[in-house]
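Notes for the one structure printed next.
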There are 2 protein chains.
Amino acid sequence: MSNPLDQVFSALADPTRRAILAMLLEDDMAVTDVAEPFSMSLAAVSKHLCVLAEAGLITQEKRGRVKWCKLEPDALRAASVWMQGFGQFEAVDLDGLERFLAAELDDPGPDDPASSLSV
Amino acid sequence: MSNPLDQVFSALADPTRRAILAMLLEDDMAVTDVAEPFSMSLAAVSKHLCVLAEAGLITQEKRGRVKWCKLEPDALRAASVWMQGFGQFEAVDLDGLERFLAAELDDPGPDDPASSLSV
DNA sequence: CATATCGTCAACCATCCGGTTGAATATGGC
DNA sequence: GCCATATTCAACCGGATGGTTGACGATATG
């Protein structure tokens, strides 16, 4: 599973991990605090955080005995660009989508996602 | 794995399936033709197509003995919207994003408490 | 009818995944 | 030094996943 797209999509495939990402939108959080709302063990949440970190979706920084988790929204870019190749969904927030797409254009866009099967 | 976002993201997590979607961008294809470029068995590809169909990413229609596979880009919409939120609202309007997520995709997560975050 | 093609089904296998528990490794506070 | 807190590690477990093979039903075609 070296492909970064593999990692990002499969990280996003778990609802617990998506919930964690949504929580981190508000603020950086310590591992224990991330785990608090969930009914699973701390170790399980810690593993989820590792998966997110390896996908690049978060970073973790240890200060003292506390490890702080920080969202890294840029990691979603490649995946988002890939998906954009599949049709022009009218987004809910058109202005937001326009800004979003404009930002994406600075990237080496996948000119024709179908031409190369290099997924 | 009832959550549609679960299904879409985990369907996209496999490079073979992403390659299949990319192929279907060009044209509708029969199962055998989809399988041709891959070095795995036809049965394996057939299973991948089932996964894609259950995620809603493709539809399959049988005409004669041939089953035609058709891309359904709209299925990516919810996932795209979800991801778009992380790029777009980053540090801008977090409350707005929360309301946005709650309204757009209210699907209970695996867990009671975090479900308010509407993964 | 006989035969080839299309696609799925069923059983099987190895590996991965998400979870648990209990011990271990920091670090901080008294 | 001693104890509590924060986090990971290691071993384990059940179930999902991605692949194989061989048999099978259904449909074209000669």
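All values below were derived from every heavy atom in this structure, side-chain atoms included, with hydrogens, water molecules and symmetry-related copies excluded. A, B, ... follow the sequence lines: proteins, then strands. Residue 1 opens every chain.
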B:Asp14 CG to D:dA16 C1': how many Å, rounded?
14 Å
Does A:Ser41 make a side-chain N or O approach to OP1 or OP2 of C:dG19 shorter than 4.0 Å?
no
Under 3.5 Å, sequence neighbours excluded: what are the donor-acceptor pairs made by side chains of residues 28-53 of chain B?
| residue | atom | partner | partner atom | Å |
| --- | --- | --- | --- | --- |
| B:Ser41 | OG | B:Ala44 | N | 3.1 |
| B:His48 | ND1 | B:Arg17 | NH1 | 3.2 |

Could you check how far CG of A:Leu42 sits from P of D:dC9, rounded to whole Å?
12 Å
For B:Ala30, answer base if it contacts any base atom (sugar-phosphate contacts may also be present), sugar-phosphate if it contacts only those atoms, and nothing otherwise; contact means non-hydrogen atoms under 4.0 Å.
sugar-phosphate
Rounded off to whole Å, could you give me the CG-to-C1' distance for the A:Leu49 and D:dT8 pair?
12 Å
Whole-Å distance, B:Met40 CE to C:dG7 C1', equals 16 Å
Which of residues 54-72 of chain B have a heavy atom under 4.0 Å from DNA chain C?
B:Arg65, B:Val66, B:Lys67
If you look only at pairs with a residue in residues 50-63 of chain B, which of them pass as a side-chain hydrogen bond (donor to acceptor under 3.5 Å, both in side chains), with sequence neighbours excluded?
B:Thr59-B:Glu72, B:Glu61-B:Arg63
Spacing between A:Asp6 atom CG and D:dT17 atom P, to the nearest angstrom
16 Å
Test log, rule side-chain contact (heavy atoms from CB on, under 4.5 Å), inputs B:Asn3 and B:Phe9
CA-CA 10 Å; B:Asn3 190 321; B:Phe9 280 128; over 6 Å; no
Any chance you could measure A:Ile58, atom CD1, to A:Lys70, atom NZ, to the nearest 0.5 Å?
11.0 Å
Does a side-chain heavy-atom distance below 4.5 Å link A:Leu21 with A:Leu25?
no
Phosphate oxygens OP1/OP2 of D:dT8: is one of them under 4.0 Å from a side-chain N or O of A:Ser46?
yes
From the list D:dT21, C:dG19, D:dT8, which nucleotide is the closest neighbour of the side chain of A:Ala43?
D:dT8
Please state how far atom CG in A:Leu52 lies from atom P in D:dT7, giving the value in whole angstrom units.
15 Å
Could you give me the CA-CA distance, side-chain angles and deciding distance for A:Leu24 and A:Ile20, then say whether side-chain contact (heavy atoms from CB on, under 4.5 Å) is met?
CA-CA 6 Å; A:Leu24 290 177; A:Ile20 291 174; 4.1 Å; yes
Any chance you could measure B:Asp74, atom CG, to B:Leu57, atom CG, to the nearest 0.5 Å?
10.5 Å
Roughly, in whole Å, what's the span from NZ in A:Lys47 to C1' in C:dC16?
11 Å
Whole-Å gap separating C1' (C:dC17) and CZ (B:Phe9):
18 Å
